[in-house]
Amino acid sequence: MARCFYNVRKFALAFGRRRVSFHSVVTHPRLILGIETSCDDTGAAVVDENGKILGEALHSQKDVHLKTGGIIPPVAQKLHKDNIDRVVNEALLSSGVSPHELSAVATTVKPGMALSLGVGLSYSLKMVNEYSKPFIPIHHMEAHALTVRLLHPVEFPFLVLLISGGHCILAVANNVSDFLLLGQSLDEAPGETLDKVARRLSLIHHPECASMSGGQGIEHLAQYGNRTHIHFTVPMSQQQDCNFSFAGLRNHINQVIQKKEAEEGTKMGHILSCVADIAASAQHTVALHIAKRTQRAILFCKKEGLLPPTNPTLVVSGGVASNGYIRRVLQSVTDSLDMSLLCPPPKLCTDNGIMIAWNGVERLRTGAGILHNIDGIRYEPRAPLGTDISESVRKAAIKVPSLKRLLG
Ligand code: KG4
Ligand code: ZN
């Protein structure tokens, strides 16, 4: 790590000369460096306080983890360590900004994989010490929720659905650092389910899907499949709350795969002839489950007056929000309930440094959580988002209309 910082220092010296004359003439918008290492992407970006992305870099570990069949935390940690200095330098260099010019460094400190979070945090703390910069600790899910405001002028409060490989959350965003948690997954996240199903279907051996994440592979194959050929039950239809559960659905899908393998005489590790039908039905059932809980969340918010009466907005983000089918199902829900639906583009839905830098900008603007003293700062692998009101949602026991009519 010492060597890494030597590189950043050299880089800073190279920019030092330019800075002197520059600053004496013009006042610049404040600049934030964002650093993300909560899972398997090493990301960094420089964003100014007007939301202009000045430079960015991303190193994805996806290919390595696809080969090992899942993320092995010490492997992820090593890859973050190997790449973080290069990624940060690339983001700074492409932005033409020296570390001296930064107004603050914002870094994901929660929630996420402990070993991965630790790399980003210790790198960032050395950097803020070295350059005497304020530090902005970032909640990864808050960053996913706020990314949309980098591109669209969405006013608070809005409803947000965060669907990724590690999370499934429905919340009301009241402001930058004030969220009401309506519901979350009781077991696994939808991206995790799709990743595990893709692995069980051996999509790594499918010529068209070998380099795709599990969710992407399922979406790709689902285009060629017929979802009505195989039926999976939508989870939790008897529970009138906004929580989610995907583990039972995954077990059901695995049972069907096993049965089909027996019928076709296919060995585990080979591709089933009905793989596209399974993908289409799995994707459809995941989409319906997400849509049902979202429908209820919207109705709850309307009943309790939690959203503005005019032009209320649902924001959908996280890696699974890149899924076009899930977006279309959600669009039908929002259309039927007079809501606007906004999703950041796929590149900003998955993990990246831009969303962390932008969250830093949002916090800098409001003055929330800017640390000038970093003593005792720790990463937190588990961290809830906002105030949990899921019990009130459950007690309201809101019935939702059938989605069949909406989807045709
Ligand atoms: O937000 P993200 O990059 O990382 C986490 O915080 O988890 O999300 C990664 C997840 C993976 O599970 C991946 O399979 C899923 O997002 N994903 C998708 C699609 N693209 C990525 N799921 C469904 N459809 C997609 N097109
Ligand atoms: Zn994420």
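Order of listing sets the numbers, starting from 1, for every ligand and every atom in it.
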Fill in: Protein heavy atom at shortest distance from atom 3 (O) of ligand 1
D351 N, 3.1 Å

Item to complete: Check each atom of ligand 1 against the heavy atoms of D195 and keep those under 4.0 Å away; list them by number with element.
Response: 11 (C), 12 (O), 13 (C), 14 (O)

Practice prompt. Examine distances only and state if a side-chain atom of K133 and a backbone atom of H100 form a donor-acceptor pair shorter than 3.5 Å.
Written response: yes

Fill in: Q283 to ligand 1, any heavy atom closer than 4.0 Å
no

Practice prompt. List the closest protein heavy-atom neighbour of atom 24 (N) of ligand 1: residue, atom name, distance to the nearest 0.1 Å.
Written response: N323 ND2, 3.1 Å

Discussion item. Just to be sure I read this right, does ligand 1 sit under 4.0 Å from the backbone of Q216, its side chain, both, or neither, counting only heavy atoms?
Written reply: both

Discussion item. Tell me whether H144 reaches ligand 1 (any heavy atom closer than 4.0 angstrom to a ligand atom).
Written reply: yes

Item to complete: In plain terms, say whether R199 and D195 are close enough for a salt bridge, that is, a side-chain N and a carboxylate O under 4.0 Å apart.
Response: no

Worksheet entry | the Zn ion (ligand 2) - closest N/O/S atom in H140 | NE2

Worksheet item: So does K78 have more than 12 non-hydrogen atoms from other groups sitting under 6.0 Å from NZ?
Response: no

Worksheet item: Just by modelled atom types, is the V333 backbone N or O under 3.5 Å from a matching donor or acceptor in the Q295 side chain?
Response: no

Practice prompt. Return yes if some donor-acceptor pair links the side-chain N/O of W358 with the main-chain N/O of V47 below 3.5 Å, else return no.
Written response: no

Discussion item. Using a 4.0 Å heavy-atom cut-off, which part of I218 comes near ligand 1: side chain, backbone, both, or neither?
Written reply: neither

Practice prompt. Work out whether the distance between some heavy atom of G166 and some atom of ligand 1 is less than 4.0 Å.
Written response: yes

Worksheet entry | Identity and distance of the protein heavy atom lying nearest atom 1 (O) of ligand 1 | G319 N, 3.0 Å

Worksheet item: Of all N/O/S atoms in D351, which lies nearest to the Zn ion (ligand 2)?
Response: OD1

Worksheet item: Do other residues, nucleotides or ligands put more than 12 heavy atoms under 6.0 Å from Q258 CD?
Response: no

Worksheet, complete the sentence: protein heavy-atom neighbour closest to atom 7 (O) of ligand 1 works out as G165 N, 2.7 Å

Worksheet item: For ligand 1, which atoms sit closer than 4.0 Å to a heavy atom of S164?
Response: 1 (O), 5 (C), 6 (O), 7 (O), 8 (O)

Worksheet item: Got the closest protein heavy atom to atom 26 (N) of ligand 1, with its distance?
Response: E219 OE1, 2.8 Å

Practice prompt. Answer whether the closest heavy-atom distance between the side chains of E391 and K395 falls below 4.5 Å.
Written response: yes

Worksheet item: Within a radius of less than 6.0 Å around NE2 of H270, do more than 12 heavy atoms belonging to other residues, nucleotides or ligands occur?
Response: no

Worksheet item: Quick one: are Q61 and H80 in side-chain contact, heavy atoms under 4.5 Å?
Response: yes

Worksheet item: Hey, looking at atom 18 (C) of ligand 1, which of G215, S322, G191, S317 has the closest heavy atom?
Response: G215

Worksheet item: Atoms of ligand 1 less than 4.0 Å from H140 heavy atoms?
Response: 6 (O)

Worksheet, complete the sentence: Of L162, I163, V160, the one forming a side chain to side chain contact (heavy atoms under 4.5 Å, CB included) with V316 is I163

Item to complete: Indicate if the distance from the Zn ion (ligand 2) to the nearest N, O or S atom of H167 falls below 2.8 Å.
Response: no

Worksheet item: Is a side-chain N or O of T107 found less than 3.5 angstrom from the main chain of P137, in a donor-acceptor match?
Response: no

